[in-house]
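Chain letters run A, B, ... following the sequence lines, proteins first and then strands; every chain starts at 1.
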Amino acid sequence: MKYDFTAIEKKWQAKWLEEKPFTAVTDDKTREKFYGLIEFPYPSAQGLHVGHARPFTAMDIICRKKRMQGYNVLFPMGYDAFGLPTENFAIKNKIHPAKVTHDNVANFRRQLQALGYSFDWDREVNTTDPSYYKWTQWIFLQLYKKGLAYKASMPVNWCTSCKIVLANEEVVDGGCERCGSEVIRKEKSQWMLAITKYADRLIDDLEDVDYINRVKIQQRNWIGRSEGTELNFGTTLGETLTVYTTRCDTLFGVTYMVVSPEHPCLDKWKDSITNWEAVSAYKDEAARKSDFERSELNKDKTGVRLEGIAAINPATKEQIPLFVSDYVLMSYGTGAVMGVPGHDQRDWEFATKFGLPIIEVVKGGDITKEAFTLKDDTGIMVNSGFLDGMTVKEAIPAMKEWVTKEGLGQSKTNYKLRDWVFSRQRYWGEPIPLVNCEKCGWVPLPEDQLPLLLPEVDSYEVTDTGESPLSKMTDWVNTTCPCCGGPAKRETDTMPQWAGSSWYFLRYMDAHNDKELVSKEAEQYWGPVDWYNGGMEHTTLHLLYSRFWHKFLYDIGVVSTKEPYAKRTSHGMILGEGGIKMSKSRGNVVNPTDVIAEYGADTMRLYIMFVGDFEKAATWSTEAVKGSKRFLDRVWNLAESASESYEESEANQPILHKTIKKVTSDVDDLKLNTAIASLMTMVNEMAANGATRGDMRTLLLLLSPFAPHIVEELWEMLGFAAKEGKMACQTDWPVYDESKTVASTVEMAVQVNGKLKGSIKMPVDSAEEAVVAEAMKVEKVAKAVEGMKLVKTIHVKNRLVNLIVKPQ
RNA sequence: GCCGGUGUGGUGGAAUGGUAGACACAGGAGACUUAAAAUCUCCCGGUAGCAAUACUGUACCGGUUCGAGUCCGGUCACCGGCACCA
């Protein structure tokens, strides 16, 4: 019989869907649970991509193996279906986004099932489903009630031609992604979430989770905690100007100060600034520039001195000039900095350009050439009054103490992390469940009125003023205040795509609960997620946002763990042929459906795992897929030629046990490529030795997570299904016997003075003397040792012996 | 610029400090076949040699070690992220 993968895969996929062997049971507390999670996809019109198949297949393998090891496994799937592409498609084709989403989801589900993933389909979720987004809205209301959601005026990206607000992703090289026109900054009132209040916990709790290191590092850098000092400088106006610095030790070296163009002090001090026209012109120029331009043109420092005002250095009591310059950001620290040109490169450039004095206060560099920025022990303070002679490390606390004592400021921790802009002027998102009442202000919708459904609209286009399409629905917008009953207007902004994905892993635990987001019982059983795999591109947004929401839910008693994910791993990208990124425009996108049609899902699964180190980028090669197909052909042929005996054969014992050991540990370590390589070696060796059905049983058990369809078929063919039931229901993952993993003899390397001279065959665990004696018999060794004195031998059991010799 | 990662055959990639190149792809030779495909067997880093073999080889320079692709110091290249964060 031939290996007919199409028929086999269809047969078993249908049986799995019908018999549901992968359904997770929440109330089975007798078994240890394992919750494996992969990032749910955005159901795009293009359908599944081979890039999805990599992480999905890996987690499917892990979960299938865990099930076989007796765990109660939760491995769910869903769709993150709100978002722009669907909305844009709806606008263009005048189809309701819900319909587009429904069709795309159906396509995704079909493709996922065609790959044989062992998802628990009974728990499927969809963020656009009202029974789901009810709870997204509910979480938002809790955040609002705890004061963590607030309205603020924020600069947004505004396309001057399309007249719409763009997400950062839609701004390409400073222009609009769609029309290429100029994108400028425009102030708009937006809902914000106070993620910065959780900044410390988001950093500190990384200690307690098992994330790959680069994810932890990237999150720490993104949050960007820095410990510094807020310092008040006096001015000739008698008013104070507060700066933030991490280098208060350099206070004696401050020769000027700079405020950002948006700093409120400028307008406040307008009347005292004698060159207001020049200052005002600079302000306007800065406001016109987009963020992109401001950072692009950062090579050359610009600025204007504020004439008529001077600041006073509190340490030296000297008057120093005050500038406005766009190298200072309003969004970080206080929007004002003290200029220390001797020890900050940006300040050095600015001072050099404007001819300001540069004072050395830390000895060690050459400040005529560049700023000396070292912060460690090597620098010694000079020209700094009471700090002279101290190291920088000593000077920082000494200065802090002095500043505090003099009432000039205090210690302050700052973060690069900004609060989360939570409003979108879009249709296809969760409506924000708040109403604005003239009398009562913002009023949350009572929880029993959730979900607040997205109304039907005539057009999904944003308005000319950049308001959400919902704002045109006056019937919907005009409502009554839940508080006073008076006239009120609904919020017309919707939530960003990140909202629904910030808590979906909780919903899987209890997907059909209409009373609660998740029941206590289900949450306490399944939480936290044991293993979450996802893309590096989600490290600083999705992963951080969902950790934030989870911590908030912990604080209000909805969940019982501080962290949502115990372990996080990340996969590398799949590149197109030739190592270039796959993209629609290059036309090099590989569709898994095509590969399945030609080679089968099992081959697809094997190849995408065999292609290389899971964490690194890998290049797709349609040629190389054949290798995985040939392997499955060999497995099929081996099964057909297997002898009738249900005993394991003596000859195959070492390879069986070696492979059990290797595959078991490799799957746990996410080294799926070498796990497959060892299975290939096993099949090659079994083919050479001849295999019994007993040998095949072990092979099939080990192979089943990787290539479940062919294994299920062979399992049945060789009579195991009749005796033990389906492979999908097996709970006896093979266990190895260490003593059987090694053959009775081993090949050992022989070196003389570290140089390889040959190899010898020795019984396992031979003693050093025997090994040395045998090694001496090797011709090349004998030649190399001749006339020399043996001074030392290094014996590594079962591996090598190294003879160290010297001339006599 | 800063932070992280990676450099190994023609290619994808293996190697707890212990025989570099497992396992595959491509290529070559052969078997089977009328022929092709499929399958099976063998070869496959470089240089020299008919061969046995010798030398050499993991981006580059240096160090530690009996022994380094692996550890340490420095250099270069590429990839990803951040980017005037005071």
Side-chain angles (χ1 to χ4, degrees), chain A residues 2 212-218 220-222 224-226 228-229 231 243-248 250 258 260 294-299 301 325-329 331-340 343-347 349-350 373 414-418 536-537 539-540 572-573 575 578-579 606-607 610-613 615-628 630-631 633-634 637 671 673-684 687 747-760 779-780 791-805:
Chain A
K2 210 179 149 278
I212 48 166
N213 212 22
R214 56 196 171 123
V215 168
K216 287 192 183 183
I217 290 166
Q218 221 170 292
R220 280 195 201 102
N221 290 347
W222 184 263
R225 178 160 63 190
S226 81
T229 314
L231 263 171
V243 301
Y244 173 74
T245 180
T246 54
R247 291 295 302 276
C248 63
T250 61
V258 194
S260 97
R294 264 170 88 158
S295 58
E296 257 313 272
L297 306 170
N298 69 18
K299 301 283 170 280
K301 296 275 179 291
S325 172
D326 66 3
Y327 88 85
V328 176
L329 309 173
S331 55
Y332 186 77
T334 63
V337 301
M338 58 185 211
V340 189
H343 306 283
D344 181 284
Q345 189 56 27
R346 293 155 308 184
D347 295 348
E349 286 163 17
F350 189 83
T373 55
N414 262 331
Y415 307 90
K416 289 189 205 174
L417 183 69
R418 303 267 75 89
M536 279 307 284
E537 71 274 20
T539 302
T540 50
M573 235 196 311
L575 303 169
L606 268 181
Y607 175 69
F610 186 60
V611 68
D613 186 332
E615 294 198 340
K616 293 187 196 140
T619 306
W620 178 270
S621 162
T622 300
E623 269 301 301
V625 175
K626 287 181 194 162
S628 300
R630 280 182 200 149
F631 168 64
D633 285 333
R634 283 203 299 275
N637 294 338
K671 292 166 83 174
N673 53 335
T674 51
I676 293 169
S678 71
L679 286 166
M680 288 174 168
T681 307
M682 180 186 190
V683 168
N684 292 344
E747 196 163 318
M748 294 179 68
V750 182
Q751 299 180 334
V752 176
N753 288 347
K755 283 236 175 203
L756 183 70
K757 291 294 172 190
S759 65
I760 50 175
E779 196 185 329
K780 278 160 72 177
V791 290
K792 194 177 173 185
T793 60
I794 288 147
H795 175 234
V796 183
K797 205 167 93 178
N798 297 333
R799 301 220 58 147
L800 126 168
V801 63
N802 186 6
L803 309 172
I804 311 303
V805 295

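With rounding to whole Å, A/Asn221 atom CG is found 18 Å from B/rG80 atom P. For A/Met748 and B/rU19, the CE to C1' distance is 11 Å, given to the nearest whole Å. Computed from coordinates, the A/Lys626 NZ to B/rG27 P distance equals 8 Å when rounded to whole Å. Atom pair A/Asn802:CG and B/rU19:P shows a separation of 12 Å (rounding to whole Å applied). In this structure, the CD atom of A/Gln751 is 11 Å from the P atom of B/rG18, given to the nearest Å. At whole-Å resolution of the value, NE2 in A/His795 and C1' in B/rG18 are 12 Å apart. The CG atom of A/Leu756 sits 14 Å away from the C1' atom of B/rU56 (whole-angstrom rounding). Here B/rG12 presents its P atom at 19 Å from CD of A/Glu615, a figure rounded to the nearest Å.
Across all strands shown, B/rU33 forms no Watson-Crick or G-U wobble pair with both key distances under 3.5 Å. Nucleotide B/rC42 is matched to B/rG28 when pairs are restricted to Watson-Crick or G-U wobble geometry with both distances under 3.5 angstrom. The base-pairing partner of B/rC2, taking Watson-Crick or G-U wobble contacts with both distances under 3.5 Å, is B/rG81. In this structure B/rC76 sits in a base pair with B/rG7, meeting the Watson-Crick or G-U test at under 3.5 Å. Here B/rG12 sits opposite B/rC23 as a Watson-Crick or G-U wobble pair (both hydrogen-bonding atom distances under 3.5 Å).
Residue-level contact check: A/Asn637 touches neither bases nor backbone, having no heavy atom under 4.0 Å from any strand. When heavy atoms are screened at a 4.0 angstrom cut-off, A/Ile217 is found touching the sugar-phosphate backbone but no base atom. Looking at heavy-atom distances under 4.0 Å, A/Asn673 makes contact with sugar-phosphate atoms alone, never a base. Within the nucleic acid shown, A/Asp613 comes within 4.0 Å of sugar-phosphate atoms alone, with no base atom in reach, counting heavy atoms only. Looking at heavy-atom distances under 4.0 Å, A/Thr619 makes no contact with the nucleic acid at all. Across all strands shown, A/Val611 has heavy atoms under 4.0 Å from sugar-phosphate atoms exclusively, and none from any base. At a threshold of 4.0 angstrom between heavy atoms, the contacts of A/Thr539 with the nucleic acid are absent. Among the atoms of the strands shown, none is found under 4.0 Å from any heavy atom of A/Gln345. Note on A/Phe610: a base of the nucleic acid sits closer than 4.0 angstrom, heavy atoms only. Looking at heavy-atom distances under 4.0 Å, A/Lys671 makes contact with sugar-phosphate atoms alone, never a base. Residue A/Thr245 is in sugar-phosphate contact alone, with no base atom involved, counting any heavy-atom pair closer than 4.0 Å across all strands shown.
Annotation for A/Gln218 and A/Met536: closest pair OE1-CE, 3.3 Å, computed over non-hydrogen atoms. When all heavy atoms of A/Gly333 and A/Asn414 are compared, the closest pair comes out as CA-ND2, 3.4 Å.
If A/Arg214 and A/Leu800 are placed on RNA chain B by their nearest nucleotide, the residue sitting closer to the 5' end is A/Arg214. Mapped onto RNA chain B by nearest heavy atom, A/Ala617 and A/Gln218 fall at different nucleotides, with A/Ala617 at the one closer to the 5' end.
If you check distances only, the side chain of A/Lys301 does reach the base of B/rC84 with a donor-acceptor pair under 3.5 Å.
A distance-only check finds no donor-acceptor pair linking the side chain of A/Tyr607 to the backbone of A/Trp620 [under 3.5 Å]. At distances below 3.5 Å, at least one donor-acceptor pair connects side-chain atoms of A/Arg418 with backbone N or O atoms of A/Ser331. For the pair A/Asp344 (side chain) and A/Gly339 (backbone), a donor-acceptor distance under 3.5 Å is absent. Side-chain atoms of A/Asn753 never come within 3.5 Å of backbone atoms of A/Lys755 as a donor-acceptor pair (strictly under, hydrogens ignored).
Regarding contacts with the backbone of B/rC23, every side-chain N or O of A/Thr674 stays at 4.0 angstrom or more from both OP1 and OP2. A/Arg634 has a side-chain polar atom (N or O) that falls below the 4.0 Å cut-off from OP1 or OP2 of B/rA24. Neither OP1 nor OP2 of B/rG67 sits under 4.0 Å from any side-chain N or O of A/Arg799. Taking only side-chain nitrogens and oxygens, A/Lys616 never comes nearer than 4.0 Å to OP1 or OP2 of B/rG80. In terms of phosphate contacts, A/Tyr244 brings no side-chain nitrogen or oxygen within less than 4.0 Å of OP1 or OP2 of B/rA86.
Here, B/rU70 and B/rA15 have their C1' atoms 9 Å apart, quoted to the whole Å.
Stacking of A/Lys301 on the aromatic ring of A/Tyr327 is recorded, both the 6.0 Å distance cut-off and the 45° axial limit being met.
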